[in-house]
Amino acid sequence: MKKLKEELASLVSGEVQDDAKSLDTASRDASLFEIRPKLVIAPKDAKDIGALVDYVTKHPEEKLSLTARSAGTDMSGGPLTESIVLDMKPHFNKVLNVGDGHALTQPGVFYRDFEVETLKKNLLLPCYTASRELNTVGGMVGNNSGGEKTLSYGKTENYIEEQKIVLADGKEHVIKKLDKKELAQKMAQDDFEGKLYSDMYHLIESNYDLIKKAKPTVSKNSAGYFLWNVWDREKGTFDLNRVIVGAQGTLGITTEIKFRLIQPKKHSRLLVIFLSNFDGLGDLVNEVLEFKPESFESYDDHTLKLAMRFAPEMAKVMKGSMFGLALDFIPEAFTVVQMGRLPKLVLMAEFTADTEEEAAKTAHAANERIAHRNLHTLITPSEKKNKEYWAVRRESFNLLRHHVKEKHTAPFIDDWAVHPNQLPQFLPELDAVMAQYNLTYTIAGHIGDANFHVIPLMDLADPKTQDIIPELSRQVYDLIYKYQGTITAEHGDGLIHGPFLEGMYGKEICDLFVETKKIFDPHHIFNPGKKIEASLTYAMHHFVNDAHIRADSSRWNVPKPAAK
Ligand SMILES: Cc1cc2nc3c(=O)[nH]c(=O)nc-3n(C[C@H](O)[C@H](O)[C@H](O)COP(=O)(O)OP(=O)(O)OC[C@H]3O[C@@H](n4cnc5c(N)ncnc54)[C@H](O)[C@@H]3O)c2cc1C
């Protein structure tokens with residue numbers, strides 16, 4: 001190990017670490033897994049990354065690979081590896097320029113810092129996540145992240161104008177949308193980049209209809225490689241950013257990103273709806289959607305209880321006082337009294353506009369539309385009051401992670417989506433599946449996109465947990481396949497969703513994913529075991545509590561789905 005460390009340290013100007021603290025930190029993300037890398041390297045520049053690509057490629061006998069890591073908030077195990085972690089935070093952390101509707105940035109910049117710079121120019125990257133205080137913009141590209149504004153503005157994939165990326169030839173390349181002439185020029189190049197463009201073009205062109213048909217019909221998706229978005233025959237445009245986004249670092253290492261930004265609307269009002277059960281939820285959602293809320297989010301009673309239990313932490317997040325928080329919660333407390341118990345689900349529809357009157361008018365119109373349902377609702381009287389609802393929504397998973405000591409958050413059915421029209425049929429079926437297990441779980445999510453985060457709290461040392469995770473995953477994902485939804489709408493495949501890709505897309509499409517990986521990464525050096533060749537057995541052997549893992553692992557095999 002010393003020899004490898006010294007050898008690599010002589011090739012790069014960034015730091016090469018193998019101390020316990022660096023390895024421990026890089027061993028975890030926000031998923032259920034723990035994998036200890038050999039080394040953590042903080043590349044100083046693209047040249048460092050190129051030198052590492054070169055070394056790893058020329059020493060296949062050492063079986064090394066490179067896995068990019070930014071803030072490590074991934075919930076799927078995406079940045080975990082047994083080999084070399086490239087920590088992008090220390091040296092790729094500058095916002096280079098903001099203006100003219102764009103921002104040029106390095107990938108290791110935290111979103112919270114990036115937003116400070118963009119807001120100075122009244123510009124916003126609207127695909128920010130609920131983890132916006134914790135994650136980086138490079139991780140958002142890696143996972144094709146989305147968040148509360150995705151309902152109106154889409155996900156990260158819609159905002160990448162250009163990126164620089166170190167590819168398998170060890171060189172840094174600029175990737176941008178090409179027209180037919182530019183594509184032909186690229187394909188004619190006698191080098192790795194030329195072959196990459198040529199092979200990708202032929203792969204997509206010769207399977208065009210199959211690929212277009214495979215595009216999930218849900219409004220957001222982070223599963224698989226998004227081949228359907230690369231080549232547009234009608235417009236004659238070809239954009240490899242569209243397949244690199246969401247690839248979880250399996251196709252190359254991003255070193256710079258040019259994002260398109262939007263001008264945020266100035267004013268907003270929240271219509272908050274308190275439900276005592278799920279009855280008629282699908283139709284209710286569709287009625288509210290008629291008024292085009294910018295965001296439409298939800299959280300359940302367990303989340304609300306948690307927020308009340310950890311009020312001091314919530315106050316800190318809101319940068320306010322306990323007193324302020326208590327005051328802010330009066331509307332909900334009042335509703336609780338009226339309903340006689342905690343609402344089962346709280347829905348928040350945010351209406352935005354350039355004037356306060358306009359935002360309030362739409363919120364009231366939406367409230368009128370659903371009045372026939374006799375639900376408890378309120379419209380926030382000011383923008384300041386919106387904050388408490390957003391804080392509960394954004395912080396719920398984080399509160400669970402850090403404060404529930406006796407049980408562990410278990411993200412494995414954490415990010416599915418179906419079509420909102422299907423919610424009335426889908427939810428009772430899901431309910432029946434969940435009812436077989438005596439689990440405590442929170443549900444929060446982007447209800448407007450019918451994308452829900454179901455996070456059970458489980459005792460990971462209990463052997464039963466190891467049976468429930470694969471069994472319940474299979475049952476929930478069978479339902480997702482049936483409703484043609486996605487197994488992951490924004491969190492990425494990683495170790496936990498990857499094994500279910502074939503069930504979602506079928507073998508033919510997954511074979512095209514394998515081809516894509518081979519074209520970009522012929523030596524298989526970028527983040528192996530994610531997107532293709534993901535194995536639940538491997539993942540469960542790296543369960544955070546692996547000391548308790550039982551020897552027999554046959555139950556973790558994901559059965560091959562019937563051919564599509
Ligand atoms: C409390 C909480 C709430 C969350 N809420 C949301 C949410 O609302 N929406 C959402 O989409 N996600 C959410 N997530 C998941 C996660 O925060 C996002 O996916 C986030 O964008 C990941 O960013 P990161 O900087 O932590 O990336 P990491 O976890 O470090 O990496 C993510 C993936 O990208 C790859 N990667 C990172 N940098 C590069 C690079 N430079 N080049 C190539 N590949 C790279 C990694 O290999 C990995 O596969 C949440 C997570 C938590 C813990």
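These numbers come from the heavy atoms of this one structure, side chains and all, not from hydrogens, waters or symmetry mates. Remember, it's 1-based here, ligands and their atoms both numbered in the order they're listed.
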How far is [atom] from its nearest protein heavy atom, and which residue and atom is that?
| atom | value |
| --- | --- |
| atom 22 (C) of ligand 1 | Thr73 OG1, 3.4 Å |
| atom 19 (O) of ligand 1 | Asn143 ND2, 2.9 Å |
| atom 21 (O) of ligand 1 | Ser145 OG, 2.8 Å |
| atom 12 (N) of ligand 1 | His491 CD2, 3.5 Å |
| atom 42 (N) of ligand 1 | Thr254 N, 3.0 Å |
| atom 25 (O) of ligand 1 | Thr136 OG1, 2.7 Å |
| atom 29 (O) of ligand 1 | Asp74 N, 3.0 Å |
| atom 8 (O) of ligand 1 | Ala130 N, 2.8 Å |

Check your understanding: Given side chains that start at C-beta, do those of Phe92 and Thr254 come closer than 4.5 Å, heavy atoms only?
Key -> no
Check your understanding: So do Asp493 and Ile487 actually touch side chain to side chain, heavy atoms under 4.5 Å?
Key -> yes
Check your understanding: Is it true that Lys47 and Asp45 make a salt bridge, defined as a side-chain N closer than 4.0 Å to a carboxylate O?
Key -> no
Check your understanding: Is any NZ, NE, NH1 or NH2 atom of the basic residue among Lys220 and Glu490 found under 4.0 Å from an Asp or Glu carboxylate oxygen of the other?
Key ->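 Looking at Glu490 together with Lys220, the answer is yes, because their closest N to O distance falls below 4.0 Å.
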Of the listed options [options], closest to [atom] (non-hydrogen atoms):
| atom | options | answer |
| --- | --- | --- |
| atom 14 (N) of ligand 1 | Gly445, Ser70, Gly108, Ser131 | Ser131 |
| atom 34 (O) of ligand 1 | Ala71, Gly72, Ala444, Gly142 | Gly142 |
| atom 31 (O) of ligand 1 | Ala247, Gly146, Pro79, Gly494 | Pro79 |
| atom 47 (O) of ligand 1 | Gly249, Ala68, Pro43 | Ala68 |
| atom 43 (C) of ligand 1 | Ala30, Gly252, Gly138, Pro107 | Gly252 |

Revision key, fill the gap. Sorted by chain and number, sequence neighbours left out, side chain to side chain donor-acceptor pair (under 3.5 Å) with Asn241 holds for Gln163, Asp239
**Study point:** Asn229 versus Lys215, side-chain donor and acceptor atoms under 3.5 Å
**Key:** yes
Practice item. Would you please say whether a donor-acceptor pair under 3.5 Å links the side chains of Ser219 and Asp449? Key: yes
**Study point:** Sub-4.0 Å atoms of ligand 1 with respect to non-hydrogen atoms of Met140
**Key:**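 The list of qualifying atoms is 21 (O).
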Point to revise | Sub-4.0 Å atoms of ligand 1 with respect to non-hydrogen atoms of Met75 | key: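 In order of numbering, the contacting atoms are 50 (C), 51 (C).
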Review point. Quick one: are the ring centres of Trp416 and Phe500 less than 6.0 Å apart?
Key: no
**Study point:** is_close_aromatic(Phe526, Phe520), centroid dist under 6.0 Å
**Key:**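 Not under 6.0 Å, so no.
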Practice item. Could you tell me whether ligand 1 has any atom less than 4.0 Å away from a heavy atom of Ile253? Key: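 Yes, Ile253 has heavy atoms under 4.0 Å from ligand 1.
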**Study point:** Polar atom proximity, His453 to ligand 1 (N or O, under 3.5 Å)
**Key:**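 N/O-N/O distance under 3.5 Å: no.
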Check your understanding: Judging by distance only, is a nitrogen or oxygen of Arg69 under 3.5 angstrom from one on ligand 1?
Key ->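 For ligand 1, there is no N or O atom that lies under 3.5 Å from one belonging to Arg69.
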Study note, to complete from the structure: Counting heavy atoms under 4.0 Å, the part of Lys530 that contacts ligand 1 is neither
Study note, to complete from the structure: Nearest heavy-atom approach of Ala9 to Val16 is CA-CG2, 3.7 Å
Review point. Where is the tightest heavy-atom contact between Ser27 and Pro37, given as atom of each residue plus distance?
Key: OG-CD, 3.8 Å
Point to revise | All side chain to side chain contact (heavy atoms under 4.5 Å, CB included) counterparts of Ser152, not counting sequence neighbours | key: Glu294
